[in-house]
Amino acid sequence: MSRFGEVDDQYDPHALEQRVFDYWDDVDAYEQTVEHRSDGESFFFVDGPPYTSGSAHMGTTWNKSLKDVYIRFLRMQGYDVTDRPGYDMHGLPIETKVEEKLGFENKKDIEEFGEENFIQECKDYADEQLEGLQSDFKSFGVWMDWDNPYRTVSPEYMEAAWWGFSKAADRDLVEQGHRSISQCPRCETAIANNEVEYEDVEDPSIYVKFDLEDREGSIVIWTTTPWTIPANTFVAVDEEGDYVGVRAEKDGEEELLYVAEAKHEDVLKEGRYDDYEVVEELTGEDLLGWSYEHPLAEEVPDHVDGEGVFEVYAGDYVDTHGSGTGLVHSAPGHGEEDFYRGTELELPIFCPVGGDGVYTDEAGKYEGQFVKEADDEIMADLEANGALLASGTVNHSYGHCWRCDTGILQIVTDQWFITITDVKDELLDNIEDSEWYPQWARDNRFRDFVEEAPDWNVSRQRYWGIPLPVWTPEDRDDDEDMIVVGTREELAERVDQDVDPEAVDLHKDTVDDLTITEDGTTYTRVPDVFDVWLDSSVASWGTLDFPSDDSRFDELWPADLILEAHDQTRGWFWSQLGMGTAAMGEIPYDKVLMHGHALDEDGRKMSKSVGNVVEPDVAIERHGSDAMRMFLLSANPQGDDMRFSWDEMGTMENHLRTLWNVFRFPLPYMRLDGFEPSETDLESVDDDLELVDEWVLARLQATKAEMTEHLEAFRQDRALEALLEFVVEDVSRFYIQAVRERMWDEEDSGSKTAAYATIYRVLRESVTLLAPFAPFVSEEIYGTLAGEADHDTVHMEDWPAVEEYWVDEQLEEDVALLRAIEEAGANARQQAGRKLRWPVPRVVVAADDQRVVEAVERHTTLLEERLNAREIELVSPDSQWGELDYSAEADMSELGPAFGGRAGEVMTALNEARIEETTLEALEEAVSDVLEDDESITEAMVSFVTETPDGVAGTAFGLDNDDRGVVYVDASLTEDIESEGYAREVIRRVQEMRKDLDLDVEERIALDLAIDDDRVADLVSEREALIREEVRADELGDLEVDNGARKEWEVEGVMMEIALEPLAAADASK
RNA sequence: GGGCCAAUAGCUCAAUCAGGUUGAGCGCCACUCUGAUAAGGUGGAGGCUCUCGGUUCAAAUCCGAGUUGGCCCA
């Protein structure tokens, strides 16, 4: 890219991006940029590793775009940023994908296939997915260390997990325990609560009578899981709830039933009783200690037994007004709450169900059946035993395995835990050490979650994961005397077998058979692998390959910034806090930027089944990577979800097109004049700068300040908005318009050079500011503007600093006022029906304050040009323009307190009043109808507003909804104005014809005019010199057009025929 | 079922914290400009500010209840 070289006429994002990719390759742009900052202050960013199944969707694309914009911004601010991307590659999702691929149905198939082979298949699959993600991320210009990502399956990363876990064990936070967990019976493993997905399903809904011992009657419970009845251990009630004893009659038989008072009607209706009577009113407390008989005592002979079982206890999870009966069937073997309460009551924990969801021999009659399939038989048996009060079905949400969609079961098994509940206070304290954007996410959601978090079950009975580094004595499998290995080196030292710490892979197949023998005891490994959430929880040191590489840990850890979507509150934000606290006693990150999810155009989540997914590559295809990134980055990154919008993305492409036009406009002139920015910088042309140059430079300073502030507050959307406002409104629509004529000047002039230097500086800094957002187009523009002494890539530039010298807030306001006046003037012109091409004799600016007067006085000429006015007349604030009427605008903050409920009515009257002088007396007179005797209008309540008089068009102008004056356009015609107007009409049409003929700008022509109206023809001929000059016509007269064009036009109702031909052609034809 | 967040023009969002006549950009329509030209300018249409209550002289804004959507949890 040579300086001021030829560029595409049109912004073509695809060709441009391809060129930039090639260019980046050629000059090693990324590597140079990283190297350029290698001496800078360290900034430790940690990438939340995406899971390697599936490809990048709009959400991940948004996430990576955000990371990219902040990494680039930080680099430009001088930081040496850690930018190693990561990939989360273990876990059940990949296992189930591979199982599907291989046609497996359960664990047996895997065992037959061979653990080692299966692990290899999973590894291959994850690697393949990783490649896909890498190329997706690269495709929209994300600059991270793609050659060296951290992978959770690498030995050094797995070691980081072992190390963290062993540190937690050192702090006595690792234990093995008998716990109620969610089990997927197909995957035959525990799954985390946040891996449970809830779906609506139809389940049995049964009411069961438990006959009371030592007294008449039964208590009634309700459940949707008949299969848990065999494990019933106790019944829970609300101690403070109201219950009733009901004598109910059905088919001539009477029963005494106990249920919650609030539910007794519902329950009896379900049971289709003929009649009933409340015979007893009691509280939950009265029921405590009542004993009952197990309804399936015969079918399940080995049912739970012991002191205190089959009794009524208080339980705080009971709701006497919710669904059910107010008495809750409790089976500690099949429910978390039941488990905790059962443990508290020191009742036995009975779970006659295996990890595969099949009843064990403890389930008696039901042994060998899959639990859900035993529901019918259990209900039949209850019926036969006279215990079934009612049965039906219910539609409710029930947990399913996130991967294979199998209904989960609550069972009790032996699992390994990090007992984070032991350090709950430390966790809550540590939260305070992190800064969140937005802060409510930390103080509400995150805090709530941490407060309620149970111990972390980290063990999974699966294959594709990091093996638990736990060895237990051969004859036992609990946490007594366990050995936790922290590093590969330690492993090599302690195991009985030969292990090369450099080469060992650490996956299950390689460590399963390793044993440790110490003090005469042989230890074997616990066969479980880690919950995949544990993998990413150690990313803050895994990224650094710590502990195997300890060169950077002390300097960098903890992370300065992490940046993920809000689902990670319960995911990575949490797992890192838990692991960081358990292992290190600290939160492993300082700042969190939490963004939302990408929703579709209707605000629903994108989902494959709904078919509303927008693929990032389709978006890139339609609008280019830069436009897509800018769209994504224009969304608030703090908590809110983003609604996808093709329109908005298209708008971003339009803005880039505008930037492209702004950029390419001055190039030919600069090239022609040999403008050399390294010799002619802004400072050297200072004396020749015109006001508009100083203004655009002042706006540039304000834009830089604003952007920096927003980016530092993690509001890149506002930073981008500020930049686009500057480029589109200030540079394109105002500055370029204002300097065009200076650039067309064929003579060398100080003014022209000053304009070059100004626009050069503006463009250079604008693309530098844009670079983090739209790295491709910024690079190409920068490359065209930059010289030998500049960097190879815009991304090596320093973030542009505010230069105090050019800051000029007063000038900014001046021009803002002028632009407001101009805009109002254009409006008034249109109302008066006068095109801009036709001059108007005068424009009157009625200023409300001295600032407006100053602004107009300093820029009268500019205003005359812009509004095509022969004269600008200024009416100062202390005088009034004679022809005006007035009305009043009410200030509600004054009116409200004064008039109370009638304030609205008074406001309307004031708005509608018409008076000839701006006095309160006149105004009060005009609104006397709505005023009571003792009421008056005060100065503070109103501001007077001018009303347009007849024959003159007027439009108010102001800043930020604050009126500052009115512009009146006097559009009356004189002969001179008509002459110029018609001449301009002719010129415009000749120009258009020149253009149609593709004539060079410099080319001379011969011109012929035939105008149907003599008066108009005379008026036009008065301006012949002007026409000749503007259209470069050397000859005027009769033309036989051979080599040119002839066309008829209608101008303001007058027909005119115009013919022209290039002079070279005209000569040839003679 | 619970917690958090959101709901304002056809679309994307401001204005909500500190109550005072709802704004911008995009899109649409009309007009206009023409040496950036698949650009530019001006105007117009388009809002019971999700609903229902409450507080207040005054509510998009504060409070309560609900509806819809999103995330998380059960």
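A note on names: the letters A, B, ... follow the listed sequences, proteins ahead of strands, and every chain is numbered from 1.
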First of A/H597 and A/T658 reached from the 5' end of RNA chain B, by closest nucleotide = A/T658
Ranking A/D600 and A/Y669 by the position along RNA chain B of their nearest nucleotide, the one closer to 5' is A/D600
Heavy-atom pair of closest approach, residues A/D455 and A/I420 = OD1-N, 3.4 Å
Considering all heavy atoms, the nearest A/L785-A/Y760 contact = O-OH, 2.6 Å
Taking the [atom1] atom in each of [N] and [M], what is the distance between them to the nearest angstrom?
{"N": "B/G66", "M": "B/C5", "atom1": "P", "result": "16 Å"}
{"N": "B/U51", "M": "B/A7", "atom1": "C1'", "result": "12 Å"}
{"N": "B/G19", "M": "B/C52", "atom1": "P", "result": "24 Å"}
{"N": "B/C71", "M": "B/C26", "atom1": "P", "result": "32 Å"}
{"N": "B/U12", "M": "B/A58", "atom1": "P", "result": "34 Å"}
{"N": "B/U61", "M": "B/G20", "atom1": "C1'", "result": "11 Å"}
{"N": "B/C17", "M": "B/U21", "atom1": "C1'", "result": "22 Å"}
{"N": "B/C62", "M": "B/C72", "atom1": "P", "result": "27 Å"}

Distance, nearest 0.5 Å, that separates CD1 of A/I937 from CZ of A/F899 = 4.5 Å
Examine the side chains of A/D717 and A/H710 and answer whether a donor and an acceptor come within less than 3.5 Å of each other.
-> no
Under 3.5 Å, is there a donor-acceptor pair linking the side chains of A/Y398 and A/D203?
-> no
Not counting sequence neighbours, which residues clear salt bridge (Lys or Arg N to Asp or Glu O under 4.0 Å) with A/E451? List them please.
-> A/R447
For A/E336, salt bridge (Lys or Arg N to Asp or Glu O under 4.0 Å) partners two or more places apart | none
Check if the side chain of A/S732 and the base of B/A39 share a donor-acceptor pair of N or O atoms closer than 3.5 Å.
-> no
How close or far is atom [atom2] of [N] from atom [atom1] of [X], stated in whole angstroms?
{"X": "A/M652", "N": "B/C11", "atom1": "CE", "atom2": "P", "value": "18 Å"}
{"X": "A/M907", "N": "B/C57", "atom1": "CE", "atom2": "P", "value": "19 Å"}
{"X": "A/W574", "N": "B/C72", "atom1": "CH2", "atom2": "C1'", "value": "14 Å"}
{"X": "A/L599", "N": "B/U68", "atom1": "CG", "atom2": "P", "value": "17 Å"}
{"X": "A/M993", "N": "B/G35", "atom1": "CE", "atom2": "P", "value": "15 Å"}
{"X": "A/F899", "N": "B/G20", "atom1": "CZ", "atom2": "C1'", "value": "15 Å"}
{"X": "A/L763", "N": "B/A36", "atom1": "CG", "atom2": "C1'", "value": "12 Å"}
{"X": "A/F734", "N": "B/A39", "atom1": "CZ", "atom2": "C1'", "value": "18 Å"}

Flag if over 12 foreign heavy atoms under 6.0 Å of CD, A/Q737 | yes
More than 12 non-hydrogen atoms from neighbouring residues, nucleotides or ligands closer than 6.0 Å to NZ on A/K424, yes or no?
-> yes
Could you work out which one of B/C71, B/A39, B/G35 sits closest to the side chain of A/N661?
-> B/A39
Among B/C13, B/C71, B/G35, the one nearest any side-chain atom of A/R1032 is B/G35
Identify all pairs in which a protein N or O lies below 3.5 Å from an N or O of nucleotides 63-67 of chain B, and state each distance.
none

Which residues pass the side-chain hydrogen bond (donor to acceptor under 3.5 Å, both in side chains) test with A/D12, sequence neighbours left out?
-> none
A/Y735: partners by side-chain hydrogen bond (donor to acceptor under 3.5 Å, both in side chains), with sequence neighbours left out | A/D693
NA contact type, [X], heavy-atom cut-off 4.0 Å: base, sugar-phosphate, or nothing?
{"X": "A/T569", "answer": "nothing"}
{"X": "A/R989", "answer": "nothing"}
{"X": "A/Q737", "answer": "base"}
{"X": "A/E721", "answer": "nothing"}

Identify, with sequence neighbours excluded, every residue that meets ring-ring contact (aromatic ring centres under 6.0 Å, His included) alongside [X].
{"X": "A/H655", "answer": "none"}
{"X": "A/F665", "answer": "A/Y669"}
{"X": "A/F663", "answer": "A/W660"}
{"X": "A/W62", "answer": "A/H595"}

Determine the sole option in A/M606, A/R643, A/M58 for which the side chain to side chain contact (heavy atoms under 4.5 Å, CB included) test with A/D600 is passed.
-> A/M606
Should stems be defined as at least three consecutive Watson-Crick or G-U pairs with both distances under 3.5 angstrom, which of them involve RNA chain B?
-> B:1-7 with B:67-73, B:10-13 with B:23-26, B:28-32 with B:40-44, B:50-54 with B:62-66
Between N or O atoms, less than 3.5 Å apart, protein on one side and nucleotides 1-9 of chain B on the other: list the pairs.
residue, atom, partner, partner atom, Å
B/G3, O2', A/D448, OD2, 3.2

B/C71 phosphate, OP1 or OP2: any side-chain N/O from A/K605 under 4.0 angstrom?
-> yes
Could you list, one pair per line, each protein nitrogen or oxygen that sits under 3.5 Å from a nitrogen or oxygen of nucleotides 26-34 of chain B, together with the distance?
residue, atom, partner, partner atom, Å
B/C26, O2', A/T651, OG1, 2.9
B/C33, OP1, A/R837, NH1, 3.2
B/C33, OP1, A/R837, NH2, 2.9
B/C33, OP2, A/R837, NH2, 3.2
B/C33, O5', A/R837, NH2, 3.3
B/U34, OP1, A/R837, NE, 3.4
B/U34, OP2, A/R837, NE, 3.0
B/U34, OP2, A/R837, NH2, 2.5

